[in-house]
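Since the structure is predicted, the reported quantities are computational estimates derived from the model, not experimental observations. Both ligands and their constituent atoms are indexed starting at 1 by order of listing.
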Amino acid sequence: MSCLFCKIASGEIPSAAIYQDERVYAFADINPKAPVHVLIVPREHIDSLAEATPEQNDLLGHLFWVAAEIARNKGLAKGYRVVVNTGEDGGQTVDHLHLHLLGARQLTWPPG
Ligand code: AMP
Ligand code: ZN
């Protein structure tokens with residue numbers, strides 16, 4: 001297994017869990033772009049959103065619920081952003097599907 005986020009989700013590479021259950025692992029981004037910057041990954045390896053299948057719809061929905069649950073736990077009542085960078089043009093640098101949860105500051109639009 002060579003995938004960085006598979007290794008983090010399995011505990012092979014240590015990290016501080018922010019949320020975890022049998023399907024999902026969430027941890028702090030090493031290079032935060034906002035005061036709250038959490039990565040939420042499925043334990044199952046999926047290269048990117050572009051490779052997700054209808055059989056994974058429930059898992060994808062669960063990832064978004066986890067993002068909202070972490071936002072609640074972090075007190076982000078004023079709002080936040082959930083981002084899924086996908087592929088080269090989307091700026092994806094780690095080829096394991098992940099949600100970015102960004103918050104605790106005013107975010108600008110459009111993103112770069
Ligand atoms: P993306 O560019 O959407 O693929 O996001 C990958 C994210 O993973 C970036 O925000 C990186 O800062 C983050 N990242 C890379 N390596 C690690 C790591 N070892 N632990 C935590 N976050 C990481
Ligand atoms: Zn992986």
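The single protein non-hydrogen atom nearest to atom 11 (C) of ligand 1 is D29 OD1, 3.4 Å, given as residue, atom name and distance. Nearest protein neighbour of atom 16 (N) of ligand 1, counting heavy atoms only, is L4 CD2, 3.5 Å. For atom 5 (O) of ligand 1, the closest heavy atom belonging to the protein is H98 NE2, 3.0 Å. For atom 22 (N) of ligand 1, the closest heavy atom belonging to the protein is I30 N, 3.1 Å.
Taking each of L39, I8, T93 in turn, the one with a heavy atom nearest to atom 4 (O) of ligand 1 proves to be T93.
Taking the side chain as every heavy atom from C-beta outward, L4 and H96 never approach each other to under 4.5 Å. The side-chain heavy atoms of R23 and D58, taken from C-beta on, include a pair separated by under 4.5 Å. Using a 4.5 Å cut-off on side-chain heavy atoms (C-beta onward), I40 and Y19 make no contact.
Under a 4.0 Å heavy-atom criterion, P32 is not in contact with ligand 1. Contact between K33 and ligand 1 is absent, with no heavy atom of the residue lying under 4.0 Å from the ligand.
Rounded to 10 degrees, the ND1-metal-SG angle spanning H45 and C3 at the Zn ion (ligand 2) equals 110°. Here the angle centred on the Zn ion (ligand 2), running from SG of C6 over to ND1 of H96, is 110°, rounded to 10°.
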Requested in this report: For side chain to side chain contact (heavy atoms under 4.5 Å, CB included), just list the numbers for V36 and Y80, CA-CA rounded to whole Å, side-chain angles, deciding distance to a tenth of an Å, and then say yes or no.
Outcome: CA-CA 9 Å; V36 171; Y80 51 89; over 6 Å; no
Query - side chain to side chain contact (heavy atoms under 4.5 Å, CB included) between L63 and V84, intermediate numbers included - result: CA-CA 11 Å; L63 288 172; V84 186; over 6 Å; no
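Ligand-side atoms of ligand 1 in range of F5: 8 (O), range being under 4.0 angstrom from any heavy atom. Each of the atoms 21 (C) of ligand 1 lies under 4.0 Å from some heavy atom of A28.
The nearest pair of heavy atoms linking L59 to E44 is CD2-OE1, 3.6 Å.
A centroid separation of less than 6.0 Å is found between the aromatic rings of H100 and H98.
Contacts between S15 and ligand 1 below 4.0 angstrom, taking non-hydrogen atoms only, are absent altogether.
Between the side chain of R43 and the backbone N or O of A9, at least one donor-acceptor pair lies under 3.5 Å.
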